[in-house]
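Worksheet for the structure shown next.
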Amino acid sequence: MKPLIELHNVHKNYVMGKSIVRALRGLSLKITEDEFVAMVGASGSGKSTAMHLMGCLDTPSHGKVIFEGKDILNLSSNELATIRRERIGFVFQTFNLMNTMSALDNVLLPTVFKNDDVNYEKRARDLLKEVGLSHRIAHKPSELSGGERQRIAIARSLINDPEVVFADEPTGNLDSVTGRKVMNFLKRVNKVRKKTIVIVTHDLELAKEADRIIKLKDGVRL
Amino acid sequence: MITAAFKISLNSIRQQRVRSWLTMLGIFIGIASVTTFISLGDAVNNSVQEMFEMIGGNKLIIMPGAGGILGAFMGGESTLTIDDVKMLERLGSINSVTYYVMGNSLATVRNEHESVWVMGIPSEKGSDIFTQMQGMDIVRGRNIDETEKYTAVVGYLLWSGNEIFSRPVRLRDTITVDEKDFEVVGLLSKVGTRQDDTSILIPFETASDIYNKDGKLDFIMAEVSPGFEIEKVSEIIKNRLAREHDVKKGEEDFSLQTSENIINMVGGIILLIQLVFVGVAMISMVVGGIGIMNTMYTSVIERTKQIGVMKAVGAKDSQILTIFLVESGIYGLVGGLVGGLMGYGFAKLMELGIQSEGGSVFSLSVTFSPGLILGVLLFSFVVGVVSGLLPARQASKMNPVDALRYE
Ligand SMILES: Nc1ncnc2c1ncn2[C@@H]1O[C@H](COP(=O)(O)OP(=O)(O)OP(=O)(O)O)[C@@H](O)[C@H]1O
Ligand SMILES: [Mg+2]
């Protein structure tokens, strides 16, 4: 299996006035295609930071982040945006949907930034159907439950048929039953659609269902 | 992408209706004033242009007082006499000469009293010289005869409708001015300027008596003979008149202008007034632009999280920039559209106001100019986009992770 993402001795420092927060302190890891990986660790251990770097949302202070063979430090912000749009899907703990848009428009949002004339509406409707929200297509996020919002976010992450989906505590704001459903759906995406999945979770029961667990502590692997 | 940008921007504008309208207030006012002043100025220009087109370009106009066309409205004792006319008639460079005295009187027709302009016109050499040089036509009846003292020819608005007299004046009607009865012998065609169209023409001597003019004239018009250069003739006559009036150069008690001069002068004055007012309106546009900028900065901060989301799903910096520029451009465009229509409506209202003001000299007609509206829209759109430039840049440069973390 090809390595999809590699982190080599990655450091990430946040400068806050005079103090420096060292969120990652020499983290190395590999994510292979079609894997289902769970990242666990205490709060503040650097899980989200690592995920943002793997997802090309941010760049490392030191070390290398290689995405599909390319060092992201060598890529322009436009190239990184294109990678995020075409190769990556994100699911967040707080959903991060556009609250003025309908469920359908939210799912379509990533296609807005493509430069093609393809109509993705059918695909978006199919995805909403797949996550069981056919009857909520015209609703705004504020009219939906947490579980429903997260399912919209998952549909959105898949609209551009990415290679990898990053989910940062996707069940963190959901009750255990709803969280269970979301987890099952992500597993199905991994198995059926052959997408690489990286999730961050505090729920060790859920983490155990992953192919592999990466443990972080104070910005390095445990 | 651009349609989606519109959708996103409109969403955001609709989200804060009151704030959006307030944002556009400065643009409304600025564009409304610009449109009003330009439309009105153009209308005045057109009406002056029309007035002189009727007269033609080879005319010299002599008026009492140094102020010329402006001084004529200020009144004062006239200094022009029949002797001046005789001097002009003797010149080979002058083809024909005419003149008038003028006053404003209450005229009575069938017990109805209305204010009209009265012009005393020369008739001993044929009153047709006057009407022709003024660009007037007699559509019915005849002109004033040289032997007559109490006949009148009436302007278009007096006989064509009920705007001045509720029952239109007809041929052979009697018009009473200053206790003297005049028989209407002719009806004038439409000239297009309000003063001419609400005038009564009567014989010179009679009018001179009524207004106690003592042989003095309010206006002389001379046509330059073919083959002579109007500017040169004008210069020669100016010197001759100054000598005969015994005044120094630069201290003339009359003003002499070519018809073309007057058009240019009036055009120049109007342009200047337009520029001053448009300049003042620009202040409003600057304020409007700052208003848009302020709203856009607020909007960018409020939507930080949305910006983060859009970047996370693959929006490029330039695309974020576009979304916010479209938003500020919409503010400019809508502001310009509403302001432009308001300004046009305002100019139209003023036109109606001037129209109903009976004794006014000009009849204005404000025309809807698509060019002006387009220009104004383009301008306000540019103001909107330029005002949004800095806030939109700030939005586009946001670090996606920081934007996503923003609460
Ligand atoms: N933008 C930032 N500015 C300053 N400090 C930051 C920033 N982002 C993260 N940090 C700090 O970096 C460290 C790692 O943060 P990170 O969010 O990666 O942790 P985490 O493992 O995801 O924690 P949690 O489980 O609570 O989400 C924390 O100490 C955090 O305060
Ligand atoms: Mg985190």
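The chains referred to below are lettered A, B, ... by the order of the sequence lines, with proteins before strands, and numbering in each begins at 1.
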Nearest atoms (heavy-atom pairs only) where B:A315 meets A:A81: O-CB, 3.7 Å
Side chain / backbone / both / neither for A:S77 at chain B, heavy atoms under 4.5 Å: side chain
How long is the span from the CG atom in A:N99 to the CG atom in B:N11, to the nearest 0.5 Å? 9.5 Å
Out of curiosity, B:K316 NZ to A:R84 CZ, how far, rounded to the nearest 0.5 Å? 11.0 Å
Does A:F185 CZ have over 12 foreign heavy atoms under 6.0 Å away? yes
Heavy-atom pairs under 4.5 Å with chain A: which of B:A312, B:P400, B:A4 has the most? B:A312
Answer yes or no: are there more than 12 heavy-atom neighbours, outside A:R221 itself, under 6.0 Å from its atom CZ? yes
At a 4.5 Å cut-off on heavy atoms, which part of B:Q306 comes close to chain A: side chain, backbone, both, or neither? both
Just give me the residue among A:I83, A:N160, A:D105, A:T82 that pairs up with chain B most often, heavy atom to heavy atom, under 4.5 Å. A:D105
Assess whether atom CZ of B:F277 is packed by more than 12 heavy atoms of other residues, nucleotides or ligands within 6.0 Å. no
Contact winner vs chain A - B:K7, B:Q15, B:R14, B:M310, heavy-atom pairs under 4.5 Å: B:M310
Step by step, work out the side chain to side chain contact (heavy atoms under 4.5 Å, CB included) result for A:R156 and B:V309. CA-CA 11 Å; A:R156 178 181 69 188; B:V309 173; 3.4 Å; yes
NZ of B:K305: more than 12 outside heavy atoms within 6.0 angstrom? yes
Contact part of B:I320 toward chain A, heavy-atom cut-off under 4.5 Å: side chain, backbone, both or neither? neither
Write down the atom of A:F113, the atom of B:Q319, and the distance for their closest heavy-atom approach. O-NE2, 3.0 Å
Side chains of A:I159 and B:V313 in contact at under 4.5 Å (non-hydrogen atoms): no
Rounding to 0.5 Å, atoms CG (A:D58) and CG (B:L404) come to a distance of 10.5 Å
Should the heavy atoms of other residues, nucleotides or ligands under 6.0 Å from NZ of A:K114 be counted, would the total exceed 12? yes
B:K311, part contacting chain A, at a heavy-atom distance under 4.5 Å: both
Tell me, for A:T94 versus chain B, whether the close heavy atoms (under 4.5 Å) come from the side chain, the backbone, both or neither. side chain
